[in-house]
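Scroll down for the structure; my scribbles are underneath it.
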Amino acid sequence: MIISPGFELIAREPGFVVVHKDPGLDFHDCDGRPGLCSLVRDRLGARVFPVHRLDKATSGLLLLARNREWAGVLAGLLRERAVQKYYIALSDLTPGKKQGLVQGDMARSRRGSWKLARSMTRPARTRFLSWSVRPGLRLFVMKPMTGRTHQLRVAMKSLGAPILGDSLYHPIVPDWPDRMYLHAHTLLFSLDGRDFAYACPPRSGDMFLEDATQSMLQALGPLDGLAWPAQP
């Protein structure tokens, strides 16, 4: 039986909701199928307003405002980089470096993809850490400092370790995985004197759910508590 991708309501606040999006679910309606915003609207009985997005193949946490005023407030926090976002990813390839900063301008490439340029006019910036899970599998924790289209996927490609299952940036292999292994794990921000913190581990993907990966994630603990190298 094929189960259609959907969402789970993680938190409901007066001005916004936090949801977990399954991989494979479009953000907006597509080809006659309801997207995330429509599904959440139907569940809540009221329209919701997106303030940031995830690619169709990416799973994890998203903020959706419950009215236009809150959409403006939350979008402002994102513009000011006052929302901390942490993602996890898996790769079957070894990166050129195991932690640090990836930065550079994003330039359009072929087939709807992007590439990282050496110029620094308006650079995308991503901090990352990584650990070996087992032979042939490496876990990455990424903290985007900017918000560009495909930023994390291109950062991983530039490291020589594209995300497993990423059909745009990873070479096709015979045993192609069951999903793209990128997940929006943690959201943190403060507003009106209150701290908001949400974390949700991945809920699908054979390699996310295997014992070695689960043990590694449990050992890491809260992602915002990791020891990050000093920024250059």
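For the single chain, residues carry numbers from 1 onward in sequence order.
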**OP:** Quick one: pull up CZ in R138 and CE in M216 and give me the separation to the nearest 0.5 Å.
**Re:** 8.5 Å

Original post:
Side chains of Q103 and T126: closer than 4.5 Å at any heavy-atom pair?
Top reply: no

**OP:** Walk me through it: do C37 and F49 pass the test side chain to side chain contact (heavy atoms under 4.5 Å, CB included)?
**Re:** CA-CA 8 Å; C37 291; F49 298 81; over 6 Å; no

Subject >> Side chain proximity check, Y181 to D92, heavy atoms < 4.5 angstrom >> reply: no

Original post:
Which pair of heavy atoms, one from P171 and one from W176, lies closest together, and at what distance?
Top reply: O-CZ3, 3.5 Å

**OP:** Mind running side chain to side chain contact (heavy atoms under 4.5 Å, CB included) on R125 and R148 for me, showing each step along the way?
**Re:** CA-CA 9 Å; R125 304 178 74 242; R148 308 280 192 270; over 6 Å; no

Subject >> Joint hydrophobic cluster, I163 plus L25, side-chain heavy atoms closer than 4.5 Å >> reply: yes

Original post:
Quick one: does T213's side chain have a donor or acceptor within less than 3.5 Å of a partner on M207's backbone?
Top reply: yes

Original post:
Atom CG of L223 and atom CG of L217: how far apart are they, to the nearest 0.5 Å?
Top reply: 7.5 Å

**OP:** Would you check, one step at a time, whether the test side chain to side chain contact (heavy atoms under 4.5 Å, CB included) holds for R127 with M145?
**Re:** CA-CA 7 Å; R127 300 177 70 189; M145 314 303 289; 3.7 Å; yes

Subject >> Heavy atoms of other groups near D211 CG, more than 12 under 6.0 Å >> reply: no

Original post:
Short question: side chain of N67, backbone of E69 - any donor-acceptor pair under 3.5 Å?
Top reply: yes

Original post:
Is there a path of hydrophobic side-chain contacts, each under 4.5 Å between heavy atoms of I, L, V, M, F, W or Y residues, that connects W131 with V133?
Top reply: yes

Original post:
For the ring pair F16 and F189, is the centre-to-centre distance below 6.0 Å?
Top reply: yes

Original post:
For the ring pair H20 and H185, is the centre-to-centre distance below 6.0 Å?
Top reply: no

Original post:
Should L74 and L44 be regarded as members of a common hydrophobic cluster, given that ILVMFWY residues are connected when their side-chain heavy atoms come within less than 4.5 Å of each other, either directly or indirectly?
Top reply: no

Subject >> L191 side chain reached by F196 side chain, heavy atoms, under 4.5 Å >> reply: yes

Original post:
Are Q151 and T146 close enough, and set up right, to give a side chain to side chain donor-acceptor pair (under 3.5 Å), and what steps lead you there?
Top reply: CA-CA 8 Å; Q151 175 174 326; T146 53; 2.9 Å; yes

Original post:
Taking NZ, NE, NH1 and NH2 as the nitrogens, is one of them in R66 or E13 under 4.0 Å from a carboxylate oxygen of the other?
Top reply: no

Original post:
How far apart are the closest heavy atoms of S158 and V102, and which atoms are they?
Top reply: OG-CG1, 3.4 Å

Subject >> Beyond-backbone contact of W114 with Y169, side-chain heavy atoms, under 4.5 angstrom >> reply: yes

Original post:
For the atom pair OH (Y86) and CG (D224), what is the distance rounded to the nearest 0.5 Å?
Top reply: 5.0 Å

**OP:** Please examine the side chains of H170 and L164, heavy atoms only from C-beta on, and report whether any two atoms are closer than 4.5 Å.
**Re:** yes

Original post:
Okay, side chain of D105, backbone of R122: is any donor-acceptor separation there less than 3.5 Å?
Top reply: yes

Subject >> Interatomic distance, L36 atom CG to L54 atom CG [nearest 0.5 angstrom] >> reply: 8.5 Å

**OP:** Run the numbers on D195 and L188 for side chain to side chain contact (heavy atoms under 4.5 Å, CB included), then give the verdict.
**Re:** CA-CA 8 Å; D195 294 330; L188 303 165; over 6 Å; no

**OP:** Report yes if the side chains of L159 and F128 come closer than 4.5 Å at any heavy-atom pair, otherwise no.
**Re:** yes

Original post:
Minimum heavy-atom separation for W228 to V141, with atom names?
Top reply: CH2-O, 3.7 Å

**OP:** Determine which pairs satisfy salt bridge (Lys or Arg N to Asp or Glu O under 4.0 Å) with at least one residue from residues 162-179, sequence neighbours left out, and list them in order.
**Re:** R153-D166

**OP:** Using modelled atom types only, decide if a donor and an acceptor are shared between the side chain of H183 and the backbone of C200 within a distance under 3.5 Å.
**Re:** yes

Subject >> Nearest-0.5 Å distance, NZ of residue K157 to CG of residue L152 >> reply: 16.0 Å

**OP:** For the pair S130 (side chain) and K98 (backbone), establish whether a donor and an acceptor sit closer than 3.5 Å, ignoring hydrogens and angles.
**Re:** yes

Original post:
Between the main-chain N or O of P162 and the side-chain N or O of S91, is there a donor-acceptor pair closer than 3.5 Å?
Top reply: yes

Original post:
At their closest point, which heavy atom of V19 faces which heavy atom of I10, and how far apart are they?
Top reply: C-CG1, 4.0 Å

Original post:
Should M142 and L187 be counted in the same cluster of Ile, Leu, Val, Met, Phe, Trp and Tyr side chains packed under 4.5 Å apart?
Top reply: no

Subject >> Rounded distance [0.5 Å steps], OG in S132 versus CG in L137 >> reply: 8.0 Å

Original post:
Is L90 reachable from L226 through a run of hydrophobic residues whose side-chain heavy atoms are each under 4.5 Å from the next?
Top reply: yes

Original post:
Which heavy atom of F140 sits nearest a heavy atom of M156, and at what distance?
Top reply: CD1-CE, 3.5 Å

Original post:
What heavy-atom pair brings A65 and V51 nearest, and what distance separates the two atoms?
Top reply: CB-CG1, 4.3 Å

Subject >> Any V154 side-chain heavy atom under 4.5 Å of M106 side chain >> reply: yes

Original post:
Would a distance-only check, ignoring hydrogens and angles, find a side-chain to backbone donor-acceptor pair under 3.5 Å from S215 to A212?
Top reply: no

**OP:** Answer yes or no: is there a side-chain heavy-atom contact under 4.5 Å between P23 and S204?
**Re:** yes

Subject >> Main-chain N/O of D29 paired to D26 side chain as donor or acceptor, under 3.5 Å >> reply: no

